[in-house]
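Here's the structure we're looking at; comments come further down.
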Amino acid sequence: MKILFAVALAAYSVGAFAQAAKSGPVSDELRAVYATPVEVAEGKRIAEASCARCHGANGISATKGVPHLASQRAAYLDLQLRAYRHGARVQGAMSGIVRYLSDDALVKVAAYYASLEPPRAAPAPARGAPTRPDPVQAGKAAAAACGGCHGETGVSTTPGMPNLVALDPKYFAGAMGAYKSGQRSHDMMKALAAGVSDAELGNVALYYSLQKPARAQTPVAGDAAAGKKAAASCGACHGDQGVSGNPATPSLAGQDAEYLAAATKAYKDGSRKDESMKGPVAELDERAMRDIAAYYANQQPQPLNVRRPLTLAEWTERCDRCHGPGGNSSDPLMPRLAAQRADWLEQVLHDYRTAARKSTAMAAMSALMSEDDVKALSAHYARQTARAVTYVVVPPAGKKRGK
C-alpha cells in the first residue's frame, strides 16, 4: 500500500507530480494529486478559458464572494468541482461552467491551481485597533449597575426585586426590550434600558444565564401548598415546578415571591401586557396570587443549557484539528483556509449554518457560532500565511528499490 506524506514547501513542486505518477494506480479521489506536468499544463489551458474571468489569471480572486484557488489542495478542488458538476453543490455560474467539462478535465484544472503560488495573507489589523471583548466579562461589567437591586450575581436579596439568574438570554433580552418600548411600565427600568445597546443587553443576559442558579434570598408570604394546587395550569407554559423549557417563557422556580405576586397582578389589571397571561390570571384573587408566588419561590431553579462562548483562540484550535495549523491543511481532501478571502469564508460558514452546503461536521461546528465568531474566524484565517504542500509517495516498509 502506498502512503502519501505531506511536506510544507514555499511552492508546489511540479516535479513531485511526475514522481507520484510513476507509482501505479491510485484512488479516484486522489487523481489530481498525482497529475503529471503535462496534465498540469493542460489544466492551465482549460482554466484560462473557463475559470480565470472570476478566479483571476493566477487563481487569486479580486472579486468579492469568489474564492482564491491558487495553491488550494488538488484533491479537494477536484472533489468540489465534481460536486458542482453532479449537482451536489449548486451555484449558477459554477454549475454552468463545469457542466461541459469531463471528470478528466476537472482533475487537470484542480492540479493546475494547486501548482500555483499561494495568495498573500490579508494585512494584520493596525496596531491599537480595538479587540473583540470577552462577552461574559463585558456582561459582568455592564451588570454592575444592576447588582444594587438584583444582587451581585443576579440572586435577589431585596423583596420585590426579581432574580435575574436562570432566565434564558432570549427572554431576558425580550423583557428589557419591553421596558424600552413601554410594554412593561416601570420608569426606572425604562430609563436604564434606554441607555443600553442591544449588544450590551446580550452580554448582560449571557452573564446572568451562566451564573449558578439559586432561590431569591427574600421572605416568602403565602401558602405554598395551596399555591401548588392553584398553579396547576401554569405548568403548561412555565414547566414542571416552574422550570421552563421554552426560551420565550421565563422559569419561575426560585423567583422572589413579592415580585411574582406583583407581576401577576399587573397582568390582571392590564398595566403589564401579554395576551398569553390575560386568560390564566383573570380569575385569580390576591390571596391566590400570593400562594402561587410562594409555591414557585420555594422551588429550586435549574442551570440553563447555555454555553460560554468560545474565544477566537479556542475556535481556531478546533478548526486547526482538521484544517491544519494556521489553516494550512496537509490532508489533500481538506481545504486550506490560510490566506483565503475573508468574505468567502464568511459565506461558506453561513451556508453550512443554513444547510445550503452539506457537511455533518461543519453544520454542527458552525451552528454554535455567533455572527461575531464567523467574522472573527474568517478574518483570522485570511491573515494567516498560506503554504503550499507537496505530496510524496512513501513506499511500503520492507520494499527494496528495484524490486
Spacing of Leu260 atom CG and Lys265 atom NZ [to the nearest 0.5 Å]: 15.0 Å

Flag for Asp331-Ser329: side-chain donor and acceptor within less than 3.5 Å: no

Aromatic ring pairing His186/Tyr179, orientation class (parallel under 30°, perpendicular over 60°, tilted between): perpendicular

Within-4.5 Å side-chain heavy-atom neighbours: Tyr84 and Gln91: yes

Donor-acceptor contact present, side-chain Arg336 to main-chain Gly327, <3.5 Å: no

Rounded distance (nearest 0.5 Å) linking atom CG of Leu77 with atom CZ of Arg73: 10.0 Å

Verdict with supporting geometry, Arg89 and Asp351, salt bridge (charged side-chain N to carboxylate O under 4.0 Å, His left out): CA-CA 11 Å; Arg89 282 184 68 178; Asp351 286 348; over 6 Å; no

Flag, side chain of Asp291 to backbone of Gly222, donor-acceptor distance under 3.5 Å: no

Salt bridge present between Lys140 and Glu152 (N-O < 4.0 angstrom): no

Short N-O contact, Asp78 and Lys108, less than 4.0 angstrom: no

Any donor-acceptor N/O pair, Thr316 side chain to Ala313 backbone, under 3.5 Å: yes

Donor-acceptor contact below 3.5 Å, side chain Asp256 vs main chain Gly160: yes

Residues Asp285 and Arg287 bridged, charged N to O under 4.0 Å: no

Side chain Ser197, main chain Glu200, donor-acceptor under 3.5 Å: yes

Heavy-atom pair of closest approach, residues Gln255 and Ala216: C-CB, 4.2 Å

Evaluation steps, side-chain hydrogen bond (donor to acceptor under 3.5 Å, both in side chains), between Asp320 and Tyr381: CA-CA 10 Å; Asp320 287 356; Tyr381 282 113; 2.6 Å; yes

Any His68 side-chain heavy atom under 4.5 Å of Leu116 side chain: no

OG on Ser185 to NZ on Lys273, rounded to 0.5 Å: 8.0 Å

Residue Asn305 excluded, over 12 heavy atoms near CG under 6.0 Å: no

Nearest heavy-atom neighbours spanning Ser156 and Cys149: OG-O, 4.2 Å

Flag, side chain of Asn246 to backbone of His238, donor-acceptor distance under 3.5 Å: no

Electrostatic pair Arg85-Asp103, nearest N-O below 4.0 angstrom: yes

Smallest separation among heavy atoms of Leu167 and Pro250, with atom names: CD2-CB, 4.1 Å

side-chain contact (heavy atoms from CB on, under 4.5 Å) evaluation trace for Tyr295 with Asp223: CA-CA 7 Å; Tyr295 165 68; Asp223 184 339; over 6 Å; no

Side-chain heavy-atom pair Gln384, Leu337 within 4.5 angstrom cut-off: no

Donor-acceptor pair, side chain of Asp373 and main chain of Ser370, under 3.5 angstrom: yes

N-O pairing of Arg353 and Glu371 below 4.0 Å: yes

Leu312 side chain near His380 side chain, heavy-atom distance below 4.5 Å: yes

Short side-chain to backbone donor-acceptor contact, Asn328 and Thr385, under 3.5 Å: yes

Ala253 backbone acceptor or donor facing Ser251 side chain under 3.5 Å: no

Arg82 vs Asp28, side-chain contact (heavy atoms from CB on, under 4.5 Å): CA-CA, chis, key distance, verdict: CA-CA 12 Å; Arg82 281 190 281 171; Asp28 188 54; 2.6 Å; yes

Closest non-hydrogen atom pair, Cys51 against Val109: SG-CG1, 4.3 Å

Reported CH2-to-OG distance for the pair Trp344 and Ser378, which is rounded to 0.5 angstrom: 11.5 Å

Lys268 side chain vs Glu283 backbone, donor-acceptor pair below 3.5 Å: no

pair Tyr352-Ser359: side-chain heavy atoms closer than 4.5 Å: yes

Stepwise side-chain hydrogen bond (donor to acceptor under 3.5 Å, both in side chains) check, Ser276 with Asp274: CA-CA 6 Å; Ser276 65; Asp274 188 309; 2.5 Å; yes

Closest approach of Val281 to Thr264 (non-hydrogen atoms, all atoms of both residues): CG1-CG2, 3.7 Å

Candidate pair Tyr267 and Arg272, rule side-chain contact (heavy atoms from CB on, under 4.5 Å), full reasoning: CA-CA 5 Å; Tyr267 283 123; Arg272 197 161 167 177; 3.4 Å; yes

Step-by-step salt bridge (charged side-chain N to carboxylate O under 4.0 Å, His left out) determination, Lys170 to Asp168: CA-CA 5 Å; Lys170 291 181 180 178; Asp168 188 278; 6.0 Å; no

Minimum side-chain heavy-atom gap Leu252-Gln299 below 4.5 Å: no

Criterion salt bridge (charged side-chain N to carboxylate O under 4.0 Å, His left out) on Glu314 and Arg308, from CA distance to verdict: CA-CA 12 Å; Glu314 289 169 328; Arg308 179 185 67 81; 3.0 Å; yes

Chi angles and distances behind the salt bridge (charged side-chain N to carboxylate O under 4.0 Å, His left out) call for Arg31, Asp104: CA-CA 9 Å; Arg31 278 186 61 201; Asp104 186 61; 2.9 Å; yes

Tyr112 OH to Leu69 CG distance, which is reported to the nearest 0.5 Å: 10.0 Å

Gap separating the CG atom of Leu79 from the CE atom of Met334, nearest 0.5 angstrom: 10.5 Å

Where Pro135 and Leu206 come nearest, the two heavy atoms and their spacing: CB-CD2, 4.0 Å

Derivation and outcome, side-chain contact (heavy atoms from CB on, under 4.5 Å), residues Met289 and Ile292: CA-CA 5 Å; Met289 292 178 193; Ile292 291 172; 6.0 Å; no

Note, Glu258 side chain near Thr218 side chain (heavy atom, < 4.5 Å): no

Arg383 and Pro123, any side-chain heavy atoms less than 4.5 Å apart: no

